[in-house]
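Comments concern the structure below.
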Amino acid sequence: MLVALGALTKSAQFPFHFWLPRAMAAPTPVSAYLHSATMVKAGVFLLARLWPVLAGTDAWMWTVGTAGLVTFVLGAYAAIFQHDLKGLLAYSTLSHLGLITLLLGLDSPFATVAAVFHIINHATFKASLFMAAGIIDHETGTRDLRRLSGLARAMPYTATLATVAAGAMAGVPLLNGFLSKEMFFAEALDVAGPAPLLDRALPYLATLAGMFSVAYSLRFILAVFFGPPPSGLPSAPHEPPRWMRVPVELLVLACVVVGVIPALTVGPLLDVAVHAILGERTPAYSLALWHGFNVPLLMSVVALGGGIALYFALRRLLARGVDGTAPLLPPVDGRRVFDAVLTTTTTRWPRAAERWLASRRLQPQLRWLVALALAAALAPALTRGLTAGAVADGALDVGLLLAWCVGGACAVGAAVQAKFHRLAALVLAGGAGLVTCITFVWFSAPDLALTQLVVEVVTTVLLLLGLRWLPKRMPFRATAAGARRALPRRLRDLAIAVGAGTGLAVLAYAVLTRPPAPTVADFYVERAYPEGGGTNVVNVILVDFRAFDTLGEITVLGAVAIAVYALLRRFRPAKESTEPPPQQLQQTAQDVHDDVLVPGVIMRAMFAPIAVFAAYLLVRGHNLPGGGFAAGIVFTIALILQYMAGGTRWFEERLRIRPVWLVGSGLALAAATGAGSWFFAHPFLTTHTAQVTLPLLGPLHLPSAFLFDLGVFLLVVGSTGLALIALAHQSVRAHRAEREP
Amino acid sequence: MNEIVVAAGIGVLAASGVWLLLRPRTFQVVLGLSLTSYAVNLFIFATGRLRTGAAPIVPPSAGANPAAYADPLPQALVLTAIVIGFATTALLLVVLLAARGLTGTDHVDGREPDA
Amino acid sequence: MIPPEHLVVVPVVLPLAAGAAMLMLDERRVGLKAGIALAAALALVVAAAALAVRVDADGTQVYRLGDWAAPFGIVLVADRLSALLVLLAAVLGLASLSFALARWHRAGPRFHALHQFLLMGVSGAFLTGDLFNLFVFFEVLLAASYALALHGSGVVRVMTSLHYIAVNVAASLVFLVGIALVYAVTGTLNIADVALRVPAVAAADRALLEAGAALLGVAFLVKAGLWPLCFWLPGTYAAASAPAAALFAVLTKVGVYAVLRVSQTAFGDGAGASAGFGAAWVAAGGLATLAFGTVGMLASQDLPRIVSYGLVASSGTLLAAVGLRDEALTGAALYYLVASTLAASAMFLIAELMERGRAPGAQILAVTAEWLGDAEDNEAPERDVGVSIPGTLAVLGLAFASAALVLAGLPPLAGFLGKFLLLDALLGRAAPDAASWTMLGLLLASGLAAIVAFGRTGIRRFWAAQDEGVPRVRVVEFVPVALLLVACAVLTAEAGGAMRFLQDTARTLHAPGGYVERVLEVP
């Protein structure tokens with residue numbers, strides 16, 4: 001069905017016929033080729049191809065037949081009223097295509113023969129007419145039928161050719177158009193379709209359309225070539241150059257020859273084509289010129305006479321006509337309708353749908369994500385049933401409970417305060433982080449606690465540096481209406497949040513009360529020292545068992561640091577936040593000096609101890625809590641202290657090593673350590689241990705994992721430092737921007 | 001009972017975090033992500049079950065008994081997650097600053113809602 | 001130089017080493033860095049191709065990192081699917097890099113290193129056999145993609161990136177919860193080991209396991225761009241600089257890959273009570289996504305956005321195919337995946353070239369230039385834009401038409417074959433059900449929508465407005481476009497060989513026993 005629709009569109013059948021007349025603006029040979037030969041025929045060809053498969057069904061007859069009939073009649077009718085030469089031809093093409101389609105839709109083998117025959121005939125006469133129209137356009141500079149007249153005197157040769165072709169189009173005997181039209185009339189008489197009334201009407205409609213086609217053919221010839229000599233043409237007409245005529249001559253010759261001796265010329269070709277479609281069902285048909293006096297002949301005569309009469313009756317009306325709209329037809333501009341339909345279906349509806357289906361705002365996206373995650377986790381719990389595990393609850397640690405009372409309060413407080421009191425919220429969130437930290441210590445995870453703590457510190461410093469540039473939040477001027485409007489939204493968000501929290505808590509409880517499954521972790525505990533060379537199992541996992549994770553993780557850190565650096569190079573603070581804060585305005589340089597003098601000295605002095613501590617963490621990491629990451633962060637904290645003591649400029653002047661280089665070298669060191677094992681014919685990241693005896697310190701157990709950890713350390717210092725420096729540097733830049741506006 | 005306390009703690013952290021995540025101001029979103037990541041880190045940690053006084057630091061002799069130590073693997077995972085969370089928080093912070101600088105507002109969509 | 005048994009790890013280590021080396025070089029040594037980056041990208045393509053050949057000949061390759069056996073250590077597993085996708089990513093990497101070399105790599109600092117890290121993340125995600133390691137590589141590729149999405153800066157990029165980052169960070173948290181649940185129930189992180197343990201999970205624990213799997217699914221589907229989790233995608237990809245967007249075309253495929261790998265391996269037919277878990281939902285979501293992408297293509301005006309929606313539609317197609325769990329369908333979907341990714345990537349590049357001569361593009365550049373006007377910045381993307389070469393418009397038009405044909409699934413290029421194979425597989429299913437017919441209809445509709453959308457843009461650019469001036473394009477910028485399109489053409493010409501490879505891929509995917517045995521070295 002859809003294919004048939006597509007084919008109908010392609011062959012410009014009603015109601016998809018609008019595009020064809022509009023395509024006539026193309027240069028002549030192109031449109032001749034396009035209209036008469038290939039393009040529209042492609043659709044018809046498709047229908048013809050489908051005929052064996054689909055014909056015979058009622059749906060086929062209804063859609064294809066009806067579309068063809070309507071197009072046939074309406075096209076012919078509209079063609080009469082066209083003022084543009086090519087417009088006339090285009091509508092007549094429409095009509096002929098309708099005829100072919102109708103024939104294909106009639107579901108009789110003989111009609112199909114007629115259809116194929118007409119395809120061939122139409123191609124010859126219509127192409128020659130289009131070329132004639134092109135010649136006229138070329139010679140006179142206009143295609144308006146109201147302005148053209150009497151060209152037969154200037155170009156008799158062209159006139160003759162065009163007249164013959166138009167005769168074929170009208171179905172004048174001795175020309176090919178007559179033959180296929182006869183076949184059609186004969187077929188129209190004995191059709192037996194699903195609707196008797198329509199069958200009865202078909203011969204009349206066919207004759208009517210035949211009249212129309214005679215009328216527009218006549219109009220084409222008479223208006224262009226006969227009548228008074230033309231006046232006011234853009235250029236003086238004369239015969240076209242030789243090479244423009246040749247194709248027309250050939251085609252017209254074909255019309256005549258086929259018309260006179262059909263069986264000898266087009267017979268074999270038609271035979272092949274028809275057999276391709278019909279196969280076994282090919283009927284016996286005759287291509288003779290004279291079938292004797294019968295009804296089809298009568299219909300032809302009526303059509304010829306009627307058409308001539310119709311033309312002369314309409315002649316005055318046509319000459320006066322202002323535009324190419326046929327009377328009695330609703331003045332619907334097909335193209336406008338088509339455009340409107342196209343815009344609506346392919347642009348407006350999708351736009352509306354996009355707006356409805358998607359959102360460019362962030363909050364709905366996050367809401368969807370959380371809601372879907374919640375649903376995803378909930379569904380199995382509901383279908384399978386989730387129960388708490390069998391592990392008996394232990395005693396309650398009051399300390400832990402107290403800590404979590406504080407922690408929970410902090411979290412909720414942070415959630416409430418984050419809008420208006422950012423600093424307070426930050427401190428509260430830090431409190432929640434601290435309780436997390438305590439929990440880690442409580443339940444045997446010193447490494448986690450240490451790392452969480454130092455990360456907490458650096459994150460807070462980063463956020464504090466960032467807070468400076470956010471807009472001042474005015475206290476909420478709540479209007480009652482605004483609050484009411486916001487209420488459903490806030491309630492929904494609250495429900496989602498509480499749902500997510502409850503869900504995660506339930507899952508956690510369900511996990512916690514189940515006995516642990518046999519895990520791969522046992523392997524780690526057993527092998528950490530004998531094979532991994534370290535007593536801190538967590539660290540051994542990080543730098544040995546699962547060192548590949550760590551390698552990825554530090555790459556993340558490095559990439560992020562570069563992103564931060566890149567972004568802040570382009571950073572422009574908003575105007576109102578470049579003003580120094582009021583506190584700073586009240587201070588004098590002397591104040592600042594006095595205020596930070598004592599802490600400054602202490603902070604500067606702290607550098608060396610903290611750096612040593614970092615080194616200690618790094619070295620002992622394999623055996624005790626610590627490791628490259630924690631050490632790197634601690635070292636960064638030492639750097640931060642120098643910043644605070646000396647100020648941004650002081651620090652940047654003394655910064656010797658570029659942090660980006662540190663990032664690169666850290667990554668390179670880690671990767672090189674991993675690749676080093678290739679030289680020992682082991683896979684990537686295989687650890688090797690060397691016993692090094694250092695003076696003073698004695699023997700040292702130095703696995704290659706230590707080098708890897710050193711790479712981690714370098715990278716962490718580099719990237720954290722990079723981010724901090726880039727962020728802190730903004731204050732320098734803001735002041736400079738202020739000075740040189 | 002400790003299990004209930006920790007589970008409830010995870011729940012409260014997650015709820016606060018998600019609530020902030022759905023708010024319209026960039027700073028709220030950053031803080032929300034950071035609170036949620038605490039909750040998620042604790043959750044991963046919880047899959048190793050809760051053990052007191054069993055830090056996974058083995059004596060330097062062969063044949064440590066796995067049953068005597070807390071599950072070290074979730075701890076290692078959490079460490080990685082903490083680092084990655086730290087990195088993304090830093091990035092988001094800087095992006096929000098850049099957005100603030102470029103658009104003049106701290107709304108997540110770069111313009112104030114037309115209320 | 002490197003023994004062949006280490007070939008599996010090369011696609012990860014090579015970009016890492018190249019990226020790290022370039023970080024240690026000074027920013028001003030543009031030429032040297034371009035050389036290193038190009039060499040690394042070329043070497044990556046060669047390595048990936050060698051890996052694919054090796055895997056096809058010798059079967060799945062397992063690489064034990066740190067020499068620890070699975071499931072204790074992390075293993076990289078290169079089967080046909082992984083090797084193919086790594087090769088695809090490497091080709092896109094080479095194309096986007098050579099495109100960037102014309103000028104984009106100077107639009108912001110450290111482009112090359114980030115580009116390498118992104119490739120590293122993608123390769124790692126395709127190769128790893130470990131759930132948590134998959135998370136880590138997701139983060140690597142995300143971190144690098146955040147940075148690349150921001151590359152060039154400007155208001156639009158910063159705002160879309162803010163959304164992109166926020167959504168994906170939240171999704172990563174969901175991912176972590178999923179991993180934690182799977183670990184809590186099965187006690188392992190290795191995908192093959194999980195697959196081995198899933199059938200034996202106690203009934204009481206199954207809810208937890210499936211909740212974990214569902215959460216993993218949500219996290220993967222955010223990356224894959226499932227409706228309604230994909231609203232960030234068109235904006236971010238359309239705003240990103242062309243070479244970045246061209247590489248991003250493969251990122252949604254990482255999500256699809258993860259869904260395919262985890263569901264087929266751990267929740268395939270052998271998963272006991274959890275067999276086929278969530279597949280129906282993935283299929284339904286995929287169909288919705290396909291419809292959404294179709295609508296979005298029609299609703300969009302500018303080319304990058306249309307292509308982005310095209311990616312959404314192709315993600316939907318793939319997810320629906322994955323969800324229907326049919327071997328022939330999977331093979332066809334993989335062919336479609338490769339063809340559509342190549343064409344989408346090429347189209348992002350073509351779009352940039354087309355827009356270059358036009359006012360809106362110029363305005364965007366002007367905005368960028370304004371933000372570039374910092375005293376410390378020495379890079380200038382507008383410098384050296386190149387001269388208009390004769391026939392630019394014709395070549396560009398031809399490239400546009402070819403890429404559009406592939407994306408719309410019209411003959412004669414690979415896109416048609418891909419769609420045709422999908423339709424064929426759909427009709428060939430044992431019992432074509434409602435889902436098959438819906439997918440069939442949606443596939444045809446999305447092809448039509450793609451024709452309309454690309455046709456509209458093409459007419460506007462190449463036909464209607466001759467007076468807008470020819471874009472100034474350098475010859476070298478055509479090279480990557482040509483590379484991608486030639487890859488498409490080769491895929492069409494060698495369809496027989498490709499389909500043989502892909503059907504083998506689908507067969508091993510649908511019978512994951514071999515994968516599990518190979519990884520865990522079960523005799």
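As a basis for the values below, the full set of heavy atoms in this structure was taken, side chains included, without hydrogen atoms, waters or symmetry mates. Just so it is clear: chains get the letters A, B, ... in the order the sequence lines come, proteins before strands, and each one is counted from 1. Nothing here was measured: the structure is a model prediction, and the numbers come from that model.
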Contacts of type side chain to side chain donor-acceptor pair (under 3.5 Å), residue Ser172(C), not counting sequence neighbours: Glu139(C)
Selection from Gly296(C), Gly187(C), Ala144(C) maximising heavy-atom pairs under 4.5 Å formed with chain A: Gly187(C)
Any Phe117(C) side-chain heavy atom under 4.5 Å of Val556(A) side chain: no
Side chain / backbone / both / neither for Ala21(C) at chain A, heavy atoms under 4.5 Å: neither
Selection from Thr188(C), Leu114(C), Val174(C) maximising heavy-atom pairs under 4.5 Å formed with chain A: Leu114(C)
Among the listed options Leu229(C), Leu208(C), Val218(C), Leu148(C), the residue most often paired with chain A at heavy-atom distances under 4.5 Å: Leu208(C)
Structural part of Trp232(C) lying under 4.5 Å from a heavy atom of chain A: both
Residue pair Asp549(A) / Leu542(A), side-chain heavy-atom distance below 4.5 Å: no
Donor-acceptor pair, side chain of Ser719(A) and main chain of Ala561(A), under 3.5 angstrom: no
From CA spacing to verdict: side-chain contact (heavy atoms from CB on, under 4.5 Å), Leu215(C), Phe175(C): CA-CA 6 Å; Leu215(C) 288 174; Phe175(C) 195 164; over 6 Å; no
Toward chain A, the part of Leu142(C) with a non-hydrogen atom under 4.5 Å: neither
Aromatic centroids of Tyr146(C) and Tyr164(C) separated by under 6.0 Å: yes
For Val511(A) against Ala184(C), the heavy-atom pair lying closest together: CG1-CB, 3.7 Å
Ile562(A) versus chain C, the contacting section by heavy-atom distance below 4.5 Å: side chain
Proximal component of Leu16(C), with respect to chain A [non-hydrogen, under 4.5 Å]: side chain
Contact origin within Met297(C) toward chain A - heavy atom pairs under 4.5 Å: neither
Chain A interface, residue from Met22(C), Arg206(C), Glu210(C) that has the most non-hydrogen pairs under 4.5 Å: Glu210(C)
Asp205(C) versus chain A, the contacting section by heavy-atom distance below 4.5 Å: both
Engaged part of Val140(C) at the chain A interface, taking heavy atoms whose separation is under 4.5 Å: both
Residues that Arg64(C) engages under salt bridge (Lys or Arg N to Asp or Glu O under 4.0 Å), provided they are two or more places apart: Asp67(C)
Residue Leu504(A) versus chain C: region with a heavy atom under 4.5 Å: side chain
Mutual orientation of the aromatic rings belonging to Tyr309(C) and Phe292(C) [parallel < 30°, tilted 30-60°, perpendicular > 60°]: perpendicular
Set of salt bridge (Lys or Arg N to Asp or Glu O under 4.0 Å) partners for Glu553(A), sequence neighbours left out: none
Greatest number of heavy atom pairs closer than 4.5 Å to chain C - which of Ala559(A), Pro364(A), Ala508(A): Ala559(A)
Among Ala20(C), Gly121(C), Ala17(C), residue most engaged with chain A (heavy-atom pairs, under 4.5 Å): Ala20(C)
Structural part of Val167(C) lying under 4.5 Å from a heavy atom of chain A: both
For Leu369(A) against Ala170(C), the heavy-atom pair lying closest together: CD2-CB, 3.5 Å
Side-chain heavy atoms of Phe548(A) within contact of Val12(C), under 4.5 Å: yes
Donor-acceptor pair, side chain of Gln365(A) and main chain of His163(C), under 3.5 angstrom: no
Contacting region of Val295(C) [heavy-atom separation from chain A under 4.5 Å]: both
Expected output: side-chain Thr236(C) to main-chain Ser161(C) donor-acceptor under 3.5 Å: no
Side chain, backbone, both or neither of Leu181(C) within contact of chain A (heavy atoms, under 4.5 Å): side chain
Worked check of side-chain contact (heavy atoms from CB on, under 4.5 Å) between Thr186(C) and Asp193(C): CA-CA 9 Å; Thr186(C) 63; Asp193(C) 202 23; over 6 Å; no
Close contacts, residues 129-138 of chain C versus chain A, judged by heavy atoms under 4.5 Å: Asp130(C), Phe132(C), Asn133(C), Val136(C), Phe137(C)
Part of Thr128(C) lying under 4.5 Å from any heavy atom of chain A: neither
Expected output: side-chain Thr160(C) to main-chain Arg157(C) donor-acceptor under 3.5 Å: yes
Best-contacting candidate, Leu507(A), Val370(A), Leu378(A), Val560(A), against chain C by heavy atom pairs under 4.5 angstrom: Leu507(A)
Sidechain-backbone polar pair: Arg305(C) side chain, Ser300(C) backbone, donor-acceptor under 3.5 Å: no
Between Leu173(C), Leu76(C), Val222(C), the one whose heavy-atom pairs under 4.5 Å with chain A are most numerous: Leu76(C)
Structural part of Val201(C) lying under 4.5 Å from a heavy atom of chain A: neither
